[in-house]
Amino acid sequence: QAQNKVNLGVAIPAATHSFAAGLVYWANEAKKELEKDPNIKVTIKTASGAPEQANQLQDLVTATKIDSLVILPFESAALTRPVQQVKAKGVYVTVVDRGLTDTSAQDAYVSGDNTAFGKVPAEYLAKALNGKGNIVALRGIPTTIDNERMDAFMSVMKNHPGIKVLDAKHGNWNRDDAFKVMQDFLTRFKEIDAVWAADDDMAFGVLRAIEQAKRKDIKIVFGGAGAKAMVKTLMDGSNPLIQANVSYSPKFLYEAIKMTALARQKGQKLPASTIVPSVLITKENAKDFYFPDSPF
Amino acid sequence: MPPERTDAPAPAATRRWRLPPLGPLLGLLLLCIAGTLLNREFATTDNALNVLTRTAFIGIIAVGMCFVIISGGIDLSVGSMAALIAGVTILLMNKLAPLGWPPAAVVVAGMATAVLLGALFGLAHGLLITRGRIEPFIVTLGTLGIFRAYLTYFADGGALALDNTLADAYGPVYYGSLLGVPIPVWVFALVAIAGALLLKRTAYGRYVQAIGSNEQVARYAAVDVDRTKVLTYTLLGVCVGIATLLYVPRLGSASPTTGLLWELEAIAAVIVGGTALRGGAGSIGGTVVGAILLSVISNILNLTSIISVYLNAAVQGFVIIAVAFMQRRRP
Amino acid sequence: MPPERTDAPAPAATRRWRLPPLGPLLGLLLLCIAGTLLNREFATTDNALNVLTRTAFIGIIAVGMCFVIISGGIDLSVGSMAALIAGVTILLMNKLAPLGWPPAAVVVAGMATAVLLGALFGLAHGLLITRGRIEPFIVTLGTLGIFRAYLTYFADGGALALDNTLADAYGPVYYGSLLGVPIPVWVFALVAIAGALLLKRTAYGRYVQAIGSNEQVARYAAVDVDRTKVLTYTLLGVCVGIATLLYVPRLGSASPTTGLLWELEAIAAVIVGGTALRGGAGSIGGTVVGAILLSVISNILNLTSIISVYLNAAVQGFVIIAVAFMQRRRP
Amino acid sequence: MQVSLRGIVKRFGPVQVLHGVDLAFEPGHVYGLLGENGAGKSTLMKILAGYEAPSEGSLAVNGRTVAFDGPRAAEAQGIVLIHQEFNLAEDLTVAQNIFLGHEPRRGLWLDDAAMRATARRVLDEVGLPQVDPDTRVRELIVAERQLVEIAKALSRQARVLVMDEPTATLTPAETGRLFALVARLKAEGVCIVFISHKLDEVERATETVVVMRDGRVVAQQPTASLTRAQMANLMVGRELADLYPPRPPVPEGAPVLLSVRGLSVPGWAEGVDFEVRAGEVFGFAGLVGAGRTELFEGLLGLRPRRADAVQIAGRALLPRSPREAAEAGLTYLSEDRKGRGLHVRLGLRENLTLMALHRHARPWLRPASEHGALQQAVRDFGIRCGSLEVPAGSLSGGNQQKLALARVLHPEPRVVVLDEPTRGVDIGAKREIYALIRRLADEGRAVVVVSSELMELIGLCHRVAVMRAGRLQATLSAAQLNEQELIAHATGTH
Ligand SMILES: Nc1ncnc2c1ncn2[C@@H]1O[C@H](COP(=O)(O)OP(=O)(O)OP(=O)(O)O)[C@@H](O)[C@H]1O
Ligand SMILES: Nc1ncnc2c1ncn2[C@@H]1O[C@H](COP(=O)(O)OP(=O)(O)OP(=O)(O)O)[C@@H](O)[C@H]1O
Ligand SMILES: [Mg+2]
Ligand SMILES: [Mg+2]
């Protein structure tokens, strides 16, 4: 069978927090593996903002002359047009994680499951608290994904009138901000049963704040995305507050790059949409989500 | 009566003709040579136009920022302001479209709104600084938060996206070209030329320099200091408005991360271009070169993969310092 | 030795005590009243200590920044510098621990490294600014990128975490208290007092003010301008080092988001505290109040939910402008 | 056009500096305004020219009461003030400064060509043919700036021209040219008010003398009816004895404290040699631009320079900075008070002690000790100020000069270089400064006086070096000192 040459570009957000660092790591893993084949070339670009990513797309097309693109858009709406332009130049486009507002601009879509990312912890917490208790939540940086997750979380909580979501504030997917927000939640609310930190970086800050305040009322801190340290804690059972997590592994980028490169090599197409489900991680299945070499 | 100085030890040498700031230009040249060596594609017209087009936003803002800095002020809010203007413009256009306006009319209305809003925000800055007698740094640090918060609020934390039909009607403003040169580059050039004329050839520009050099002297010379300052911040606002009206069709959306750190880039372009932060003197030409220089650095980094992606920012840092070193103040 | 002037008008001995800037203090007071009204928990000792403890980092950096700003300079890199110092310190401690050093020794070594690195980075800034004759804005804009890039590189984009046993040994430096007051608050207080003494009661402090007021005049008055400036940036570096050594035990980790925008917060604390950005005069007391004021705003916002979370930044912006308005320059 | 001031009172906070001044100025007439430092001359003239508003009283032009809301309004009436402290934007060029606020335009655009041409003309008129209108003011020396200020006023078509100590930094030749200009303007019917502490100039150029003391007009008389001594006595309100103190010879065998061999400051001075002994007052004469200031700035390491050998107080040392010079025992008073001499935004205390902080630190600075030093200096130098807590910039010009002088003497230097030490100082204070210089010498210090006032050099110095175009032309001993000789060497017509 004829093997096409593949010149693949990867455009992802820069490693400004752990999850994004995981993306960079997995992109590089995929590059290492694919480039064992001399007919495949992978170019990775990281951007710290939507306009920068749009610039990189231009440069990838004009200068690097890519024929396939895997992109994790910095922002869905903002990158729709730039990606359209890339596709118009005949490049095969796989979009990862954050869907474009106009799906005709992509050839394939591989994503995590943001709804489940909010729903799974909601359902878990509702069950663990027996439908009764006080929850505080920390949100990420104001973005569409953050909204999706929050909405999913709240829609589940609507069915559990016994559970009160006391407040939700932005911890910006950042340990320091989460620490401060949690400190103030602890000052403000004397009875908290569980915390939904919506990201393991934030969960980390939350744990430190709880530890410092020596509060015993909190039973569960639910992070998210399955960071290596948290999964390890879960596996070892070393912190009673950490009982479960929800997967949202940056590894899907690795899969997406590999799938795209290999399909292009064979001249095949990818399925229009592939959703990598977000599933509950507990002590039992934790080892399947533990990647000790990844920075995330 | 001043003594004839035929026998004087060549004092004329101390009054050399002042050339436009050569440091940044030299830096740009060296960078371009490096770029060409690293990737053949660098020196193509396509790439050059790409770089110029994307420089347009920061470049246009930097032209306005140059005036503010020469006048001895600063504006930290331009990034947030651009984001809020983009958001409001998009909201407005999306509201107008269903009313049956033709898309072109909606787009024109949107563009006018962008400029108008920019002027209004700039005016507010100017009034707070002159009438309110608050340091520009504080005023614009405050509005930096305020503008972005309101955008986040309007966007409900997510993104505001332009309707598709409108996006198509608006697209050519960014993606179109005239005589082979993209529209944003034309606009950038026009703004830069207008800025240079305004600075060097009008009384207003002269007053801006006088105020930055010595506000008291300007006041004594019956320069209307407050009015000039208000005008300067308004001018920057208008520049931000123009940059935004070019930005909206490019990405067709605004979100809480839009325009993040543009203020730093714009200020950096001005300073790298040889204008002193303390005000009094500066040049639009240098500012334009500074803005282009900054985007060329990241363009070259995009075109090559010789160093770890993590170190991109370090390379930019080293280049900025090196360029500044080349044009450092004489002792 | 000078001639007697018995008939000279006796100088009026109106040595009024100069009051610390009242604007920020008043602002802080009003905020505290508002906070107490909005949430009873605000006025508790626990909350006050929480707020003071988290103010410590920015506060300590702001004390150093105050010197730099009074001297007429600026440092944009402090946040990145803190992040890089935290990262390097953690790496070093993790390397030392397996060599069989006792945890306490490793921690002390780490702390010393933090201060030393800060001093080194500050020294580098000072030398580039004085010997290299580059604008402080540019030098530190450059190192802002460089420091963060290297941290990201060392951390491989992720987080660098302190080994668990070390974290336990180091923890008390942040979480411990002395006489019921957390260690960071003590350190903050000590740094502030030392800073105030240095500024008001030593020749060095006087030189800093003289340089910021008019560098040329200071040079003619036999002030060693270059040395004083280098010292000032080094001092700020040391402050960043101290802030970092308190920061590391808090989360036991450093990541590319560590210290993000601290420069803006530190500069804002200084300016809100009544020091003018153009240099020449300022006060450590005001800076401390400014730093506390800024963290009280976000504390109050966290303790209440009267307005949309999206608008938090707007509230901060309005408060900053309002405080500045209260202490605005006389006409 | 006749201008009159009626019952002008001015207060700065609690301090009243003008106590009801009544004056009238007639067209085509030249007035000399005299008064001690801080008498209120500048303040009164600022009120006349619209820079300050009077606290009480009013102004009238041709009998009609007017109120100026700013200098612009006064200029519209033809009243123009040349400031005592320079009022130029350093980053702008000479031409740009001359027309600041009055730029001629062609349509939308500035008419730069016209500005340059007019600037050229007025610069020639005031005697600055060598200055290009496109030079930035930052690069001008003090005397040139003063002439640019005058040129600026000339370009404004004044009917009433107030000159606040225009000659303080000028040498006799420039002053002569200025007076020719004054005569021409007077003939054109312009009213001129001339403030100066140089009584010979007042005698030469004015028709009426107005004397102020402590914020009041105490005399107004035809110049011809007064001798210089009478003017001086009116100013200070008491009899002034001899201006110059007696000059005992330098003791035999006094050590050389400053010795300079082959000092060159490229572009300014070439191969200058001189030595100054302990107890000696050594003068430097020359025209503006002779390079005296730059020579000493070079000596202090403030400009690129080279030298064959320099000894300061017995140590071989070519200082790299004023700091090193001060440590070796040499301090320098700059001729540019505002730009190099004083921190106008800092307080008096901070200014006074800056060069010798070690004297007040043990190890902490002791404000009480500094304050004591300030009170001492205020008494010793006769600095007049309402309060000791004001910024230095709010002192009158002459009092700023006294403070600057006090500052360079505070470290108790072995060698002191005073560049135009009596610039803007009133006659009473001048006498005290002369006595002080004398005393410094008597204490065994070496004193270098750079001055454009030849009389001062003649009355004070043991020896005077004359510079011309960067070279040492001659060194004259006390016996040879007279005006003709000095001018001849300075202009190269010897
Ligand atoms: N802005 C001000 N604030 C406070 N005091 C002032 C201010 N301006 C002037 N003064 C005071 O007013 C008095 C008169 O000052 P003025 O400058 O008019 O004196 P002058 O007669 O011009 O003296 P000189 O001969 O030294 O120039 C001085 O005591 C001075 O300290
Ligand atoms: N050869 C020359 N031709 C024209 N102008 C000259 C020449 N040499 C010097 N000058 C002018 O003279 C100025 C030098 O003045 P400088 O300060 O050295 O003199 P000075 O002796 O200190 O005079 P003063 O102290 O009285 O102002 C320069 O700014 C320059 O404009
Ligand atoms: Mg005066
Ligand atoms: Mg001189």
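Note on naming: letters A, B, ... go to the chains in the order of the sequence lines (proteins, then strands), and numbering restarts at 1 for each one. Since this is a predicted model, take the numbers as computed values, not measurements.
- Leu81(D) does not touch chain B: none of its heavy atoms, backbone or side chain, sits under 4.5 Å away.
- Ranked by heavy-atom pairs under 4.5 Å with chain B, the list Gly50(D), Ala73(D), Gly101(D) is led by Gly101(D).
- We find the CH2-NZ distance between Trp109(D) and Lys200(B) to be 14.0 Å, quoted to the nearest 0.5 Å.
- Considering every non-hydrogen atom in both Arg72(D) and Ala221(B), the closest pair reads NH1-O, 4.0 Å.
- Across all their heavy atoms, Ala281(B) and Arg136(D) have their closest contact at CB-NH1, 4.1 Å.
- Options Arg303(D), Glu75(D), His83(D), His102(D) differ in how many heavy-atom pairs under 4.5 Å they form with chain B, and the most are formed by His83(D).
- When heavy atoms are compared at a cutoff of 4.5 Å, Leu100(D) approaches chain B by way of both its backbone and its side chain.
- Both the backbone and the side chain of Asn87(D) come within less than 4.5 Å of a heavy atom of chain B.
- Contacts from residues 201-213 of chain B to chain D, taken as heavy-atom pairs separated by less than 4.5 Å, involve Arg201(B), Thr202(B), Ala203(B), Arg206(B), Tyr207(B), Gln209(B), Ala210(B), Ser213(B) in sequence order.
- Among Val217(B), Leu198(B), Asn214(B), the residue with the largest count of heavy-atom pairs under 4.5 Å with chain D is Val217(B).
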